[in-house]
Amino acid sequence: QFTAAEADLKDVDSLLKSECEEQSRLNDESETGEKSIKLIQLELENLADRKIALSKLDAQLEQRQELEAARQQEVSRVEVEAMHLEDYRVAEGDFKQTEIAAKKTEMSWHTGQAALLAQALKEDQPCPVCGSEEHPLPATGGSEPINETAVTVARNAVEKARTELERAKQVLDQSVSKLGQTRQEIQRLNTQLGPSSNKTLAELQRAHRDAADHLADLLANQDKLRKL
């Protein structure tokens, strides 16, 4: 009988021990749960700040995307400006050469006209140009006489080259202006973004994604607390 009582006592002790351990476990879980709730509550106190921070990241990401596009546009417009500058230089060279050629043609024509007058000069007769009756050095014509049509053609060529030069200058000025506008936009965005302008677009996108995910977790925890 004593042995049986001892066995019963051991069973009771074992049962009490198990209940104590279970109660301790429940207490620990309760404390852990309370701590978790407090941590969540502390994080939720910064919920408004997190929303503001995400809103700022939204604006920064949009500006950084604009900056990326502006930088790519700058590269393209630098190439276009260089091409138009080369076109202008070619047009300028053509104009100068055409102008020189036209002046030579006109000079040859004038020389030819003087030679024609010289052929009509007579001794003791006044020159129709200077009025002198002496003609010691009458003008002589060139190797090939130049007619007035050639002069007109040369002058027209000059005007055509001048028009092309002015057109090339206008196109170049437009390119320079557009490039300047793009660079002003880049400067404006760099100023607004500050240090973030030196970050890559991928870095800002990652930061925005992390902030959005964290805010979503906070909102989910807030919803859980409301249901407790």
Side-chain angles (χ1 to χ4, degrees), residues 20-93 163-228:
C20 288
E21 290 175 351
E22 178 66 17
Q23 185 62 46
S24 177
R25 185 183 65 79
L26 291 173
N27 290 338
D28 290 341
E29 289 182 355
S30 177
E31 290 179 1
T32 300
E34 290 177 358
K35 289 180 180 179
S36 297
I37 290 173
K38 288 181 180 179
L39 288 175
I40 293 173
Q41 289 174 335
L42 286 174
E43 288 187 343
L44 288 176
E45 289 178 1
N46 298 322
L47 182 60
D49 292 338
R50 292 289 182 179
K51 289 181 178 180
I52 294 173
L54 182 60
S55 178
K56 289 181 179 179
L57 280 175
D58 284 338
Q60 284 185 347
L61 183 58
E62 182 178 354
Q63 290 173 343
R64 185 61 183 81
Q65 288 170 336
E66 291 177 5
L67 178 60
E68 190 71 16
R71 285 174 175 173
Q72 292 176 1
Q73 188 179 64
E74 180 188 25
V75 172
S76 175
R77 286 185 169 174
V78 165
E79 294 175 354
V80 171
E81 184 195 48
M83 180 181 66
H84 289 162
L85 177 59
E86 180 61 24
D87 291 343
Y88 172 76
R89 287 173 175 169
V90 170
E92 186 179 36
T163 299
E164 180 59 25
L165 177 61
E166 290 173 351
R167 186 200 67 79
K169 181 65 165 60
Q170 184 178 18
V171 172
L172 175 60
D173 288 344
Q174 290 175 350
S175 296
V176 172
S177 177
K178 288 180 179 179
L179 178 58
Q181 291 172 2
T182 298
R183 285 175 170 166
Q184 286 179 356
E185 179 66 7
I186 289 173
Q187 181 61 37
R188 181 185 70 81
L189 290 169
N190 280 334
T191 301
Q192 288 184 345
L193 284 167
S196 294
S197 64
N198 296 321
K199 294 181 180 179
T200 65
L201 187 57
E203 287 176 326
L204 282 180
Q205 287 173 333
R206 185 165 52 251
H208 181 275
R209 184 172 58 251
D210 292 343
D213 290 344
H214 186 63
L215 181 60
D217 290 340
L218 287 178
L219 291 173
N221 288 333
Q222 184 184 50
D223 188 56
K224 288 179 181 179
L225 286 178
R226 287 173 179 172
K227 293 178 180 179
L228 292 178

Query - Shortest non-hydrogen contact from Leu54 toward Ala212 - result: CD1-N, 3.9 Å
Requested in this report: To the nearest 0.5 Å, tell me how far Asp58 CG sits from Gln60 CD.
Outcome: 10.0 Å
Report task. Please determine, by modelled atom types, if Arg188 and Gln192 share a side-chain donor-acceptor pair under 3.5 angstrom. Result -> yes
Report task. Kindly determine whether Glu86 and Val90 satisfy side chain to side chain contact (heavy atoms under 4.5 Å, CB included), including the steps that lead there. Result -> CA-CA 6 Å; Glu86 180 61 24; Val90 170; 3.9 Å; yes
Query raised in the report: Would you call Asp210-Arg206 a salt bridge at under 4.0 Å N-O?
Result: no
Report summary line: When rounded to the nearest 0.5 Å, the distance separating CG of Leu61 from CD of Glu66 is 10.5 Å
Report task. Applying side chain to side chain contact (heavy atoms under 4.5 Å, CB included), run through Gln174 and Gln170 and close with a yes or a no. Result -> CA-CA 6 Å; Gln174 290 175 350; Gln170 184 178 18; 4.1 Å; yes
Requested in this report: Please test Glu185 against Leu67 for side chain to side chain contact (heavy atoms under 4.5 Å, CB included), starting from the C-alpha separation and ending with a verdict.
Outcome: CA-CA 8 Å; Glu185 179 66 7; Leu67 178 60; over 6 Å; no
Query raised in the report: If you measure from CD on Gln184 to CG on Leu179, what distance do you get to the nearest 0.5 Å?
Result: 10.5 Å
**Report entry** Spacing of OG1 belonging to Thr200 relative to CD belonging to Glu68, to within rounding of 0.5 Å
**Finding:** 8.5 Å
**Report entry** Between CG on residue Leu201 and CZ on residue Arg71, distance to nearest 0.5 Å
**Finding:** 10.0 Å
Query - Whether Ser55 side chain and Lys51 backbone form a donor-acceptor pair below 3.5 Å - result: no
Requested in this report: Would you check, one step at a time, whether the test side chain to side chain contact (heavy atoms under 4.5 Å, CB included) holds for Val171 with Met83?
Outcome: CA-CA 10 Å; Val171 172; Met83 180 181 66; over 6 Å; no
Query raised in the report: Taking 4.0 angstrom as the limit, do Arg167 and Glu164 come out as a salt bridge?
Result: yes
Query raised in the report: Roughly how far, to the nearest 0.5 Å, is the OG atom of Ser196 from the CG atom of Asn190?
Result: 11.0 Å
Query raised in the report: Within the distance-only criterion (no hydrogens, no angle test), does the side chain of Arg64 pair as donor or acceptor with the backbone N or O of Leu193 below 3.5 angstrom?
Result: no
Query raised in the report: If we only count heavy atoms from C-beta on, is the Leu204 to His208 side-chain gap below 4.5 Å?
Result: no
Requested in this report: Keeping to residues at least two apart or across chains, list the side-chain hydrogen bond (donor to acceptor under 3.5 Å, both in side chains) pairs with something in residues 72-82.
Outcome: Gln73-Thr182, Glu74-Arg183, Arg77-Thr182
